[in-house]
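The structure appears right after this line, and notes come after that.
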Amino acid sequence: MPHIANSIEGKQLSVKDLTHSYGGQNAVSDVSFEVNAGEIVALLGPSGCGKSTVLRAIAGLIHPKSGRMVLGGADLANISARARGIGMVFQNYALFPHLTAAENIAYPLACQQVPRTERKARVEEMLSLVRLDGYGNRLPRELSGGQQQRVAVARAIAGRPSLLLLDEPFGALDRALRFDLQVELLHLQKTLGITTLIVTHDQEEAQSLANRLVLMSKGNVEQIDTPMAVYDRPNTLFVNTFIGQANILRGTVMRLDPEATLIGLPGDKALRLPRRLNFTAGSKVTVTFRPEEVRLTGQPGENSLAARVTVSVPLGPTLVHDLVLDDGTNLRASEVRGPSTFVPETGTQVFAEIDTARAHVFPGEPEVSQ
Ligand SMILES: Nc1ncnc2c1ncn2[C@@H]1O[C@H](COP(=O)(O)OP(=O)(O)OP(=O)(O)O)[C@@H](O)[C@H]1O
Ligand SMILES: [Mg+2]
């Protein structure tokens, strides 16, 4: 059996066509992605989409129905969970409650039969790495949530894994602490160079931590890209609405010109997109655009829709306007706020001018659940 547990350098992980079901229905279907050596990739998607299942399969906690997982060239199917050289932080961080912080961290080292003196030194090193020097003798219940979280991370990296799996590591923590721990984790990961796969359903967390995102929905991978590419060029309506905010209008393709497309909206309105779309005339489509792609004006113009302001709310440096169109559709607009930015009263009639060069068009009508 190959021994990879003591390796220090991060290794490349490759997951190919991973499929698993817990009974009849597939929890994940044909999931494929790669994490390069030393890279942080975030697995992102709504609750129940299969993120933890993917992690459990990689860690060897479940045997997938089919698929291939390779870590640093070694096929994981031939390697027991313990010998995979993988550190994992579980969704509920699951420290052993009857063991102290130091004993928790030492646990994987004992499993690896690291000699006692080295174990002690390594535990001290880990405690200091996660800034918990002096806390080694405390039991988990004597630590705050954030401190327990750091012990869990220390335990996961104590065995010098070549792959770190983090399942919603900051799920239970408040926003400010999450941010601090995210920054710490990034620093730690960069220092150690561990290949890292982090699961989250928090899009901001994913975007701030990861080089690339793997977006999952209902057991399938929808898109794999950098955070910026996912935001700017979503492959699907799901990705578009899951990452960031998106306004959604239903429409029908009316006319296709060589360099423009006219899309009809309810109430005899239309939007002109400055490119030819790959649809046939008459197709039902869904048009989406981000709040920052909507500008409020006092005059009608091309690609502007009459709207009424429901409420305008300053959110730090931005001003967010909730609008309603004549047909009852809600829209959101946002703009960077300056000292002289005009804040409209509720009920003000405006025109919402849409930057159609940045709008996206997807086939079909939006699902009602959006
Ligand atoms: N042990 C199990 N037995 C039966 N079904 C399960 C089991 N574990 C998970 N499932 C089902 O498999 C699907 C995927 O679950 P999974 O835990 O991977 O989701 P997740 O993306 O991690 O969700 P969350 O964000 O809520 O943690 C869900 O429909 C879930 O109900
Ligand atoms: Mg989960």
Side-chain angles (χ1 to χ4, degrees), residues 13-35 40-69 71 76-77 81 84 86-95 145-146 148-149 152-153 155-156 161 163-175 177-178 181-182 185 196-210 212-225 227 230 234-244 367 369-370:
L13 170 74
S14 155
V15 173
K16 187 96 182 77
D17 297 329
L18 179 69
T19 298
H20 187 69
S21 66
Y22 293 101
Q25 228 184 340
N26 279 353
V28 296
S29 308
D30 290 327
V31 165
S32 299
F33 64 91
E34 287 187 352
V35 187
I40 303 193
V41 166
L43 205 53
L44 186 63
S47 183
C49 73
K51 305 178 298 290
S52 294
T53 302
V54 170
L55 247 59
R56 282 185 216 124
I58 298 166
L61 305 175
I62 54 172
H63 293 288
K65 198 156 89 177
S66 58
R68 200 172 129 84
M69 295 170 292
L71 182 60
L76 291 180
R84 287 184 185 193
I86 294 175
M88 181 151 175
V89 174
F90 293 91
Q91 195 157 2
N92 48 7
Y93 42 89
L95 294 176
Q148 290 181 44
Q149 188 51 45
V153 170
R155 184 177 63 180
L163 176 67
L164 183 60
L165 302 176
L166 303 162
D167 196 347
E168 298 270 6
F170 312 122
L173 307 175
D174 69 45
R175 209 180 159 82
L177 188 55
R178 272 173 95 99
L181 284 173
Q182 282 167 19
L185 177 72
T196 303
L197 180 59
I198 178 166
V199 161
T200 173
H201 60 247
D202 178 338
Q203 44 158 305
E204 280 182 18
E205 181 167 292
Q207 292 184 64
S208 61
L209 280 175
R212 289 186 305 142
L213 310 182
V214 175
L215 270 128
M216 287 184 66
S217 165
K218 298 176 184 159
N220 297 295
V221 172
E222 296 256 335
Q223 187 163 356
I224 303 176
D225 248 317
V230 165
N235 282 347
T236 62
L237 181 59
F238 164 78
V239 173
N240 195 175
T241 52
F242 189 74
I243 296 287
E367 285 177 30
S369 65
Q370 288 296 331

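Everything numeric in this text was worked out from a predicted model, so none of it was measured. In each ligand, atom 1 is the first atom listed, and ligand 1 is the first ligand listed.
Donor-acceptor pairing under 3.5 Å is lacking for the side chains of T236 and Q223.
In the displayed structure, E34 atom CD is contacted under 6.0 Å by more than 12 heavy atoms of other residues, nucleotides or ligands.
Below 4.0 Å from some heavy atom of A27 lie the following atoms of ligand 1, by number and element: 12 (O), 13 (C). Listed by number with element, the atoms of ligand 1 under 4.0 angstrom from any heavy atom of T53 are 14 (C), 15 (O), 16 (P), 18 (O).
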Working for side-chain contact (heavy atoms from CB on, under 4.5 Å), residues L164 and L197: CA-CA 6 Å; L164 183 60; L197 180 59; over 6 Å; no
F170 and L185: CA distance, side-chain angles, deciding distance, side-chain contact (heavy atoms from CB on, under 4.5 Å) verdict: CA-CA 11 Å; F170 312 122; L185 177 72; 3.9 Å; yes
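Considering only non-hydrogen protein atoms, atom 29 (O) of ligand 1 sits nearest to G48 O, 3.8 Å. When hydrogens are left out, the protein atom nearest atom 6 (C) of ligand 1 is Y22 CD1, 3.3 Å; that is the closest non-hydrogen contact. Atom 25 (O) of ligand 1 has its closest protein heavy atom at K51 NZ, 2.7 Å. The protein atom (non-hydrogen) at minimum distance from atom 26 (O) of ligand 1 is S47 OG, 2.5 Å. Looking only at heavy atoms of the protein, atom 27 (O) of ligand 1 is closest to Q91 NE2, 2.7 Å.
Under the 4.0 Å distance rule, the nearest protein heavy atom to atom 13 (C) of ligand 1 falls inside the cut-off. In this structure, atom 23 (O) of ligand 1 is in close contact with the protein, since a protein heavy atom lies within 4.0 Å of it.
Partners of F242 by ring pair (Phe, Tyr, Trp, His ring centres under 6.0 Å), not counting sequence neighbours, listed by chain and number: F238.
Two residues are said to be in side-chain contact when any heavy atoms from C-beta on lie closer than 4.5 Å; V31 and N220 fail this criterion. Between T19 and N26 there is a side-chain heavy-atom pair separated by less than 4.5 Å. You'll find the side chain of S14 stays beyond 4.5 Å of the side chain of M69, heavy atoms only. No side-chain heavy atom of I198 sits less than 4.5 Å from a side-chain heavy atom of L43.
Within the structure, ligand 1 lacks G45 among the residues with a heavy atom less than 4.0 angstrom away. The closest approach between a heavy atom of R56 and any atom of ligand 1 is below 4.0 Å.
In summary, no N, O or S atom of S47 is located under 2.8 Å from the Mg ion (ligand 2).
Looking at ligand 1, you'll find an N or O of G50 within less than 3.5 Å of one of its N or O atoms.
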